[in-house]
Amino acid sequence: MTAMALNDLVTPHGAVASGSFGDSAAPRRLPTLTSVILVDDAQQLHNIGHPRVSLVLWRRRADPKIAREVAGLTTKRLLNGRIALSAAETQAQCMARLQGLLQESGIESAGFGWWVADMAMLAERFADLVTRTLGPSPITARVETLDDVACPRFHVDRTRLRLLCTYRGPATEWLPDEEVDRVALEGRQPNDQIQRGAQPRALEPFWVGLFKGECFPGNAGRGQVHRSPAVPPDGLRVLFCLDA
């Protein structure tokens, strides 16, 4: 496992480059992260099981076929659906369940075949990872379209593992463990106190974030800190979430 340097990351205001923020004449050197790793291969998601790691980011390129499909979703009918999945369900079974979820929300699933197939693939991979890491467990899948910020406060999840993938719009923002004030977090202090003045990082659309929560064995007090991003006026965010 290789630790990821901060200059490999993206902030909500652009890329972090050359180990420094902005164009300051006296750039501040950024520390190497030990709690987050960046991977280009789904097979490396298993590194979330390492005791020090709280976030694994799988950098995926945007799929233009899926991007065209989700571009057809509108704010006129916001989606907020969830289903329970068994760890034993196949990708085909997951796909059928997700198609049913869309149809129950009044969305014709036939027009979103590539998107549904991708979510089903992620669900199958997540179920396999959860089984190997934690044992067979029920999984909750959630599909949302959002026209406003859902969780603006930095927080941790009371879950064991959570997978997040944003298909359209701004993606989840997070803080490295090294830059979190846990006392301020537990005291529900303002975000600027929790983040110690640091700039939050952000996933990109189609990236997969695997977040370790407070309930992961041995991880109490070290859950990955994150928040929902602001959604631009008249914008839409399309989010897929898996919890175990």
Side-chain angles (χ1 to χ4, degrees), residues 1-12 15-16 30-63 85 87 91 118-135 137 139-142 151 154-167 170-180 182 195 198-229 239-244:
M1 184 188 69
T2 303
M4 175 179 59
L6 270 177
N7 56 10
D8 291 325
L9 304 179
V10 173
T11 77
V16 176
L30 298 176
T32 297
L33 295 183
T34 58
S35 62
V36 182
I37 59 173
L38 192 67
V39 302
D40 293 313
D41 184 349
Q43 300 301 322
Q44 295 178 295
L45 290 173
H46 73 274
N47 282 310
I48 194 67
H50 190 282
R52 290 189 309 169
V53 174
S54 59
L55 174 61
V56 177
L57 298 174
W58 173 20
R59 298 184 297 188
R60 301 199 303 164
R61 292 186 178 181
D63 186 320
L85 297 173
Q91 184 173 336
D118 193 69
M119 289 190 290
M121 178 275 294
L122 292 179
E124 185 181 45
R125 285 188 178 276
F126 183 73
D128 180 65
L129 176 67
V130 168
T131 298
R132 288 188 287 115
T133 305
L134 300 168
S137 305
I139 292 165
T140 300
R142 177 161 45 96
C151 301
F154 281 116
H155 64 282
V156 295
D157 295 323
R158 303 296 171 180
T159 59
R160 294 180 296 171
L161 286 175
R162 169 170 289 183
L163 182 149
L164 293 174
C165 179
T166 300
Y167 287 95
T172 304
E173 298 178 5
W174 57 275
L175 294 171
D177 185 63
E178 294 83 347
E179 296 179 358
V180 172
R182 295 278 172 176
Q195 64 196 73
Q199 190 175 13
R201 284 64 162 175
L203 279 73
E204 293 188 7
F206 284 85
W207 281 23
V208 171
L210 191 58
F211 293 70
K212 188 180 286 181
E214 287 286 296
C215 296
F216 190 94
N219 201 54
R222 296 192 65 249
Q224 175 59 50
V225 177
H226 61 287
R227 70 178 178 187
S228 302
L239 176 69
F240 182 52
C241 173
L242 293 165
D243 281 330

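All values derive from a computational prediction rather than experimental measurement.
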Any side-chain heavy atom of Cys241 sitting closer than 4.5 Å to one from Leu164?
-> yes

Heavy atoms of Arg60 and Cys165 approach each other most closely as NH2-SG, 3.6 Å

- Message: If you define the side chain from C-beta out and look only at heavy atoms, does anything of Trp174 sit under 4.5 Å from Leu203?
- Response: yes

Heavy-atom side-chain proximity of Val180 to Phe154 below 4.5 angstrom: no

When Leu55, Asn47, Leu57 are each screened for side-chain contact (heavy atoms from CB on, under 4.5 Å) with Ile37, the one that passes is Asn47

Quiz item: Have Thr133 and Arg160 got a donor and an acceptor in their side chains that come within less than 3.5 Å?
Solution: no

Report yes if some heavy atom in the side chain of Asp157 is under 4.5 Å from a heavy atom in the side chain of His226; otherwise report no.
yes

Heavy-atom check, side chain of Leu122 versus side chain of Trp58, under 4.5 Å: yes

In short, Ala127 meets Ala87 closest at the heavy-atom pair CB-O, 3.9 Å

- For Arg61, does the CZ atom sit with more than 12 other heavy atoms under 6.0 Å from it, leaving out its own atoms? no

Next item on the list: Report yes if some heavy atom in the side chain of Leu163 is under 4.5 Å from a heavy atom in the side chain of Leu129; otherwise report no.
Entry: no

Tell me, do Val208 and Phe126 make a side-chain contact under 4.5 Å, heavy atoms counted?
no

Notebook entry, point to check: Are Lys212 and Asp177 ion-paired here, with the side-chain N under 4.0 Å from a carboxylate O?
Noted result: no

For Leu242 and Ala123 the tightest heavy-atom approach is CD1-CA, 3.6 Å

Side chains of Phe206 and Tyr167: closer than 4.5 Å at any heavy-atom pair?
yes

